[in-house]
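Here's the structure, in structure tokens; my notes come after.
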There are 2 protein chains.
Amino acid sequence: MTEKKEKILIAALELFAQEGFKSTSTSKVAKKAGVSEGLIFRHFENKEGLLEAIIKEGEERAKILFGDIVFEPEPKAVLKKTLELGSKMIENKEDADFWKLQYKMKWELEFYGEHKMEPLELALTNAFTKLGHDRPELEARVLLVNMDGLATRYFLQKDFDLGVMIDYMKTKYGV
Amino acid sequence: MTEKKEKILIAALELFAQEGFKSTSTSKVAKKAGVSEGLIFRHFENKEGLLEAIIKEGEERAKILFGDIVFEPEPKAVLKKTLELGSKMIENKEDADFWKLQYKMKWELEFYGEHKMEPLELALTNAFTKLGHDRPELEARVLLVNMDGLATRYFLQKDFDLGVMIDYMKTKYGV
DNA sequence: TACGATTGTGAGTGATCACTTACTTCTCTG
DNA sequence: CAGAGAAGTAAGTGATCACTCACAATCGTA
């Protein structure tokens with residue numbers, strides 16, 4: 001990975017997360033990265049290839065984040081860690097940009113990457129089962145739907161206080 | 001409102017909801033509506049003016065939907081009707097397109113129309129107060145965040161069963 | 001029916017899009 | 001240090017973009 005290739009990836013992540021994929025021109029990415037436009041197409045097959053490279057890099061982040069939850073044996077700790085995912089996703093600028101891009105792409109490409117969430121959903125279902133819930137699979141889905149709602153609000157509503165909401169939900173779930 | 005102007009609005013709503021605002025060209029709208037591209041700019045100042053006209057028309061829908069909840073005196077009925085909003089939003093194709101467009105625009109333009117939700121949030125806070133909740137304003141926000149999550153899933157996840165989720169949440173809230 | 005206003009068309013406009021090409025500069029290795 | 005391959009550039013390419021303009025058809029009304 002050369003220095004300029006890295007600059008292209010970082011500039012593209014930031015711009016795609018801010019303005020969307022289709023609305024960001026390759027010339028804009030090149031300008032922001034401080035390279036010639038042609039270089040983008042030397043390193044990536046096309047504009048979509050650039051997006052794929054960003055997503056692929058980010059999926060490593062997701063594996064680390066989710067892994068910590070999936071292998072947690074204590075059911076209450078599973079709930080706690082899931083709720084705290086929200087804070088972890090935005091701990092630094094590049095992470096926040098990546099997760100924002102993930103949500104943005106869902107709407108731009110109309111594709112919900114449900115398979116990515118499957119292990120998390122299973123871990124939550126398992127946790128709710130252990131905690132004696134009547135409909136653990138629905139309870140798990142409610143929690144995940146809630147997380148989607150929290151992400152929507154956090155990324156789009158300037159004054160939304162994510163911390164307060166997560167704390168409140170923790171007390172609701174008793175964790 | 002001439003017949004062709006109406007056709008432009010309907011075609012644009014469908015295309016904007018499907019492919020997004022920026023990614024839909026005016027020539028595509030004209031083709032779908034069966035009119036010349038120039039006519040779009042005779043009836044609307046520019047492409048954004050066309051979008052504004054669609055949003056404005058749709059806001060009447062929102063007022064009707066929300067009004068029924070805001071003026072409901074019985075607190076449990078407020079919760080019930082709020083949860084049932086989800087089903088009402090997608091009762092017919094044009095309504096579903098409009099609400100999908102609303103969510104899509106939030107992400108495309110990065111602007112959460114929080115003021116639109118204010119009366120609903122107040123009504124919910126009031127309902128949770130009457131029902132004796134400790135933190136009614138947070139409880140109201142949790143419910144609205146959940147609705148955002150449900151919308152995200154319904155519009156983006158093909159196999160998402162909205163009815164089951166709404167029914168389950170109704171039992172959770174005891175309504 | 002005459003005529004002004006509105007509605008509608010189709011062929012433009014320059015700007016910008018993703019991407020290519022011809023070329024130069026750097027870097028690494030035998 | 002020669003030379004090959006990788007990295008990088010600048011100036012293009014045709015296609016498509018939002019939008020305009022000159023003109024024609026249609027309409028409401030006096």
Side-chain angles (χ1 to χ4, degrees), chain A residues 1-58 97-98 101-102 104-111, chain B residues 1-58 97-98 101-102 104-111:
Chain A
M1 177 87 68
T2 62
E3 192 192 330
K4 297 213 170 182
K5 187 176 179 185
E6 188 105 49
K7 286 210 169 166
I8 291 170
L9 283 166
I10 292 170
L13 170 59
E14 195 174 328
L15 286 171
F16 290 170
Q18 259 169 32
E19 331 234 0
F21 173 66
K22 286 179 193 163
S23 318
T24 303
S25 65
T26 48
S27 76
K28 217 170 179 178
V29 173
K31 194 177 268 179
K32 174 146 200 156
V35 303
S36 68
E37 196 178 351
L39 190 57
I40 291 173
F41 297 93
R42 166 127 0 245
H43 285 304
F44 309 95
E45 202 193 334
N46 48 33
K47 199 185 163 190
E48 273 194 37
L50 172 56
L51 176 63
E52 276 166 30
I54 290 171
I55 301 273
K56 207 162 205 173
E57 236 197 288
D97 273 351
F98 172 71
L101 176 60
Q102 285 285 118
K104 253 200 158 134
M105 293 311 300
K106 283 182 191 184
W107 281 99
E108 206 169 317
L109 306 182
E110 296 232 349
F111 144 82
Chain B
M1 177 88 66
T2 62
E3 192 191 331
K4 298 212 170 185
K5 187 175 179 185
E6 187 106 50
K7 285 209 169 169
I8 291 171
L9 283 165
I10 292 170
L13 170 58
E14 195 174 328
L15 286 171
F16 290 170
Q18 259 168 31
E19 332 234 356
F21 173 66
K22 287 179 193 162
S23 318
T24 303
S25 65
T26 48
S27 76
K28 217 170 179 177
V29 173
K31 195 177 268 179
K32 176 146 199 155
V35 303
S36 67
E37 197 178 351
L39 190 57
I40 291 173
F41 297 93
R42 163 113 21 227
H43 284 304
F44 309 95
E45 200 192 334
N46 49 32
K47 200 185 162 190
E48 273 195 37
L50 171 56
L51 177 63
E52 276 167 31
I54 290 171
I55 302 271
K56 208 162 205 172
E57 235 197 289
D97 273 350
F98 171 72
L101 176 61
Q102 286 284 117
K104 251 196 161 136
M105 291 313 299
K106 283 182 191 185
W107 282 99
E108 205 170 317
L109 305 182
E110 296 229 350
F111 145 81

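It should be emphasised that the depicted structure is a prediction, and the values quoted were computed from it without experimental measurement. Throughout, protein chains are lettered first and strands after them, A, B, ... in sequence-line order, and every chain is numbered starting at 1.
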In whole angstroms, how far is the C1' atom of D/dA18 from the CZ atom of B/Phe44? 15 Å
Presence of B/Lys47 side-chain N/O under 4.0 Å of D/dA18 phosphate oxygens OP1/OP2: yes
Can you measure from CD (A/Glu48) to CZ (A/Phe21) and round to the nearest 0.5 angstrom? 5.0 Å
Do any side-chain nitrogens or oxygens of B/Ser27 fall under 4.0 Å of OP1 or OP2 in D/dC17? yes
Result for side chain to side chain contact (heavy atoms under 4.5 Å, CB included) between B/Ile8 and one of B/Leu39, B/Ile54, B/Thr2 points to B/Leu39
Please report, rounded to the nearest Å, how far the P atom of D/dT16 is from the NZ atom of A/Lys22. 16 Å
Where the side chain of B/Phe41 is defined as all heavy atoms beyond and including C-beta, which of C/dT9, C/dC19, D/dA18 is the nearest nucleotide? D/dA18
To the nearest Å, how far apart are A/Ile8 CD1 and D/dG8 C1'? 10 Å
C/dC19 phosphate, OP1 or OP2: any side-chain N/O from A/Thr26 under 4.0 angstrom? no
Using whole Å, what does the distance between atom C1' of nucleotide C/dA18 and atom CZ of A/Arg42 come to? 16 Å
Among D/dT9, C/dG8, D/dC19, the one nearest B/Glu37 by side-chain distance: D/dC19
Think B/Lys28 has a side-chain N or O under 4.0 angstrom from the OP1 or OP2 of D/dC17? no
Send over the distance from B/Lys4 NZ to C/dG8 C1', rounded to a whole Å. 7 Å
Do any side-chain nitrogens or oxygens of A/Ser36 fall under 4.0 Å of OP1 or OP2 in D/dG8? no
Using a cut-off of 4.0 Å on non-hydrogen atoms, how would the nucleic acid contact of A/Ser23 be classed: base, sugar-phosphate, or nothing? nothing
Using a heavy-atom cut-off of under 4.0 Å over every strand shown, decide if A/Lys5 touches base, sugar-phosphate, or nothing. nothing
Taking OP1 and OP2 of D/dA6, is either one under 4.0 Å from a side-chain nitrogen or oxygen of A/His43? no
What is the distance, rounded to the nearest whole Å, between atom CD of B/Glu45 and atom C1' of D/dT20? 14 Å
Rounded to whole Å, CD of B/Glu3 lies from P of D/dC27 at a distance of 11 Å
Candidates D/dA7, D/dC23, C/dC19 - which lies nearest the side chain of A/Asn46: C/dC19
Would you say a side-chain N or O of A/Thr2 is under 4.0 Å from OP1 or OP2 of D/dG8? yes
A/Ile40 has an atom CD1; how far is it from atom P of D/dA7, in whole Å? 15 Å
Is it true that the side chains of A/Ser27 and A/Glu37 contain a donor and an acceptor less than 3.5 Å apart? no
Are any non-hydrogen side-chain atoms of B/Leu9 and B/Met1 less than 4.5 angstrom apart? yes
Kindly give the heavy-atom pair with the smallest separation between B/Glu19 and A/Lys22, and that separation in Å. O-NZ, 4.1 Å
